[in-house]
Protein chains: 2
Amino acid sequence: MSDPVQFYFDFSSPYAYFAALRIDEVVGRFGREVQWKPTLLGVIMKTTGNTPLATQPVKSDYCTRDWERLARFMDAPYTLPNPFPIGTQAAARAFYWLDDRDATGARLFAKTAFATYFGEGRDISTPETVADIAGGLGVDRDELLTALAGDEIKQRLKDEVAAAMQAGVCGSPYFIVDGEPFWGSDRLWMIKRWLKSGGW
Amino acid sequence: MSDPVQFYFDFSSPYAYFAALRIDEVVGRFGREVQWKPTLLGVIMKTTGNTPLATQPVKSDYCTRDWERLARFMDAPYTLPNPFPIGTQAAARAFYWLDDRDATGARLFAKTAFATYFGEGRDISTPETVADIAGGLGVDRDELLTALAGDEIKQRLKDEVAAAMQAGVCGSPYFIVDGEPFWGSDRLWMIKRWLKSGGW
């Protein structure tokens, strides 16, 4: 059995949202698994020297239009959230805390968090909202809130972000397939080709 | 007859090179024409606050790999040129000078300049090289060199770059189809869909 495809993303990244809608199906066709790995784009950008799309003149206007068009072409629910972008520490920490207990549940949480933020346009930045989302999926809300307030899960996320940067992750979504990096929701066709042909 | 699709590019942009290999064919299928419009990414980046990919740590390593992979997947000739990136004023000025005289010849020049720089990896930054390329296509080398040294063509390129920025161009390649902007070589599928369905 080959290693799972690594899927790095920030919960506040629209392109990651669009990729998240399709990556499991695309990779599953080749009998492979996907490992979802939320990360923090703000921390990564300090290294890459990049800035959030939303703060870049001209580019942000273009991307706002591109996201709406992409949603239309993909027939995907989409609302540009307000506020946008947001800090996604709470969502990412909740994911890893869940992932250690129930990997399937963690993935369902991630999909629901994305759907809440980009599908419904609702802010998911606070621990309370994140706990509401997880609670709706049967997770013990108070236990999760206690965990989110603790140092252990904060350190865990720091370690995960550091590991992502060590692996070369420089944007969101970012995929690593058997050591080969792919960046962007528009690289799914290349991932398919790679899985099919081994790179040729 | 609808307006031609506008294709903005910098001769030093690898993603523009890949798009240039396909855009005429993609658009032609829908009975539409493409208007090629070289521009200067360095000038545009001063407005968008972006920096060349080649100077961004992590991102440049990724892109170098992505270009090689894209060439392989597209079965396209490709060599990462040295030096890279380069100033492309001479090539862009030559294009517009030719375009005023012979639009078909100008496009052939653009394709040959791209093939020289990214196919063979040869520097095309100097007026002399640009004149060699045009000369090989039957253009009067000395007449072109004289034009490239004059103020008129310099002003012409300045005006074209200003017009591109006015149109919202924030990267390379950048396309405008009936007022709708598309950015990136990986947006050709969206352009096809737009031409087919009018945006739906």
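Protein chains get the first letters and strands the later ones, always in sequence-line order, with residue 1 at the start of each.
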Connected via hydrophobic side-chain network under 4.5 Å: B/Ile86 and B/Phe9
yes
Give the cluster check for B/Ile124 versus B/Leu145: same hydrophobic cluster or not, with ILVMFWY residues linked at side-chain heavy-atom distances below 4.5 Å.
no
So which part of [X] gets closer than 4.5 Å to some heavy atom of chain B, the side chain, the backbone, both or neither?
X: A/Arg72; result: both
X: A/Met165; result: neither
X: A/Phe73; result: both

Would you indicate whether the side-chain heavy atoms of B/Leu70 and A/Arg187 approach each other to under 4.5 Å?
yes
Answer yes or no: are there more than 12 heavy-atom neighbours, outside [X] itself, under 6.0 Å from its atom [atom1]?
X: B/Glu25; atom1: CD; answer: yes
X: A/Gln166; atom1: CD; answer: no
X: A/Lys154; atom1: NZ; answer: yes
X: A/Glu152; atom1: CD; answer: no

Roughly how far apart are [X] [atom1] and [Y] [atom2], rounded to 0.5 Å?
X: A/Arg69; Y: B/Trp194; atom1: CZ; atom2: CH2; value: 6.5 Å
X: A/Glu180; Y: B/Asp66; atom1: CD; atom2: CG; value: 9.0 Å
X: A/Ile44; Y: B/Lys59; atom1: CD1; atom2: NZ; value: 12.5 Å

NZ or CZ of B/Arg65 within 45° of A/Phe182 ring axis and under 6.0 Å:
no
Does A/Cys170 offer a backbone N or O that forms a donor-acceptor pair with the side chain of B/Tyr62 under 3.5 Å?
no
